Amino acid sequence: MTAEIVAGLAGIVADRTTISTVGKTGLGLSYRGYSIEDLTREADFEEVAYLLLYGELPTRSELDAFRGRIISLRGLPERLRNILEQVPAEAHPMDVLRTGCSALGAMEPEASPSDQLKAVERLLATLPGMLLYWHHFHASGKRIDTMSDEPRLACHFLNLLHGRAPDREPCNAVNVSFIIYAEHEFNASTFSARVTTSTRSDYHSAVTAAIGTLKGPLHGGANEEAMKLIERFETPDQAEQEILRMLERKERIMGFGHRVYKDKPDPRSDIIKEWSRRLAEATGHKLLYQVSERIEEVVVREKGLFPNVDFYSASLYHMCGIPTNMFTPLFVFARAAGWSAHIIEQRATGRLIRPTAEYIGLEPRAFVPLEKR
Ligand code: COA
């Protein structure tokens, strides 16, 4: 008897986890039992990262110590800076992070799995610096200092990007987006990190694999694609007409639809949409927001598809002055916390991940020697 094949493993329960729930009745989206609504209203990304990695919300002194360690770990080794200078100016920023993560793993490998949290904190601290060192070097020849005293990752990133202390509202908005992006159960990139970890490979190999997986437009790359779509339109009416044409041509509208949130909205979208609206008011980007809302109206009406986390993050990041090709890297900075929690969990409890396939190829046949082919 052959087992049932489920394309894309949709709906398959691949293992147990204590880290998060996605779309579960009564729990919705929650990290270690805390709802995403409470976390985004009450916490900073650093508290959430600590919760994911260590299992509990930090006390004041634990949080201060965690922030202090992250701040002190932001410097990049010289050999890594040299490598970043060699990555071409026209490379995609996701390739820069994938390369940077892999290179850091070669230069500073985990001493042993019992030291895994040191490697995790080092990577969380350096990812924004890797991207922005490369960015400024190629944009203006400047070799920036990647250290900053900003206690929040969101403000640290904006500070290095713009070269000055960021305003409060963009900082808060990016901080919320980081909490929302931090974790989402067995999504494709997390699963990829768990598959790599299941072979007893090292931490940096698992995160490098996850970054490569997140890059695709059906996953993290959707926020960048959503922005490219939204900024094509000068009016909401123009957006409506083009979206109708795209749907007629059966094209995918990036930032809509989700494997798990099929018949209900993605709860992350409501939160990020509200922040996008607030920023639009504060920064005068009203048209961008109105165009986004009209696209949502049309896609929900015509296809019954809801916006996912990536749709309104696109306009939110744009309003914070972040270049479009850095949108998916921002997802990496945050999701690195979730990936790391899953790598730790997989190491502790998981088994080698190795499914099987149903063979539908040719029947057995005689080998043909090279000279007779
Ligand atoms: N725009 C238009 N149609 C879409 C769509 C979208 N964004 N997402 C799904 N559909 C359609 C598919 O074309 C398909 O239609 P069909 O049955 O007529 O062929 C149907 O909905 C089911 O899609 P499917 O790809 O099988 O669903 P999935 O669960 O495998 O895919 C996604 C989930 C996320 C990959 C998919 O919704 C998508 O491609 N979205 C856009 C990319 C994106 O925003 N990704 C970020 C996710 S957080």
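What you are looking at is a predicted structure, and each value in this text was computed from that prediction instead of being measured. Just so you know, residue 1 is the first one in the sequence shown, and it goes up from there.
Listed for the R122 side chain is no donor-acceptor partner under 3.5 Å among the backbone atoms of E108.
Taking 4.0 Å as the cut-off between side-chain N and carboxylate O, E225 and R252 do not count as a salt-bridged pair. A salt bridge does not link R81 to E78: none of the charged side-chain nitrogens sits closer than 4.0 Å to a carboxylate oxygen. Between R277 and E274 a salt bridge is recorded (basic side-chain N to carboxylate O distance below 4.0 Å). Between R98 and D95 there is a salt bridge, with a side-chain nitrogen of the basic residue lying less than 4.0 Å from a carboxylate oxygen of the acidic one.
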Would you be so kind as to tabulate the donor-acceptor pairs closer than 3.5 Å made by side chains of residues 328-344, with sequence neighbours excluded?
from: T328; atom 1: OG1; to: G220; atom 2: O; distance (Å): 3.4
from: T328; atom 1: OG1; to: N223; atom 2: OD1; distance (Å): 3.0
from: R335; atom 1: NE; to: Y181; atom 2: O; distance (Å): 2.7
from: R335; atom 1: NH1; to: N187; atom 2: OD1; distance (Å): 3.2
from: R335; atom 1: NH2; to: Y181; atom 2: O; distance (Å): 3.3
from: W339; atom 1: NE1; to: S189; atom 2: OG; distance (Å): 3.0
from: S340; atom 1: OG; to: Y203; atom 2: OH; distance (Å): 2.8
from: S340; atom 1: OG; to: A336; atom 2: O; distance (Å): 2.6
from: H342; atom 1: ND1; to: R194; atom 2: NH1; distance (Å): 2.9
from: H342; atom 1: NE2; to: E183; atom 2: OE1; distance (Å): 3.2
from: H342; atom 1: NE2; to: E183; atom 2: OE2; distance (Å): 2.8

Show me the donor-acceptor pairs, under 3.5 Å and distance only, between side chains in residues 283-291 and residues at least two apart or in other chains.
from: T283; atom 1: OG1; to: L279; atom 2: O; distance (Å): 2.6
from: T283; atom 1: OG1; to: H285; atom 2: ND1; distance (Å): 3.0

Which pairs of donor and acceptor atoms, one on a side chain in residues 360-373, lie under 3.5 Å apart (sequence neighbours left out)?
from: R373; atom 1: NE; to: V368; atom 2: O; distance (Å): 2.9
from: R373; atom 1: NH2; to: V368; atom 2: O; distance (Å): 3.2

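In this structure, CG in D266 is found 12.0 Å from CG in L305, a value given to the nearest 0.5 Å. Distance check, rounded to the nearest 0.5 Å: OH of Y34 to CD of E47 gives 10.5 Å. The CZ atom of R294 sits 9.0 Å away from the CD atom of Q241 when rounded to the nearest 0.5 Å.
Heavy atoms of other residues, nucleotides or ligands lying less than 6.0 angstrom from CZ of R41 number more than 12.
Taking the ring centroids of Y261 and H184, they lie under the 6.0 Å cut-off.
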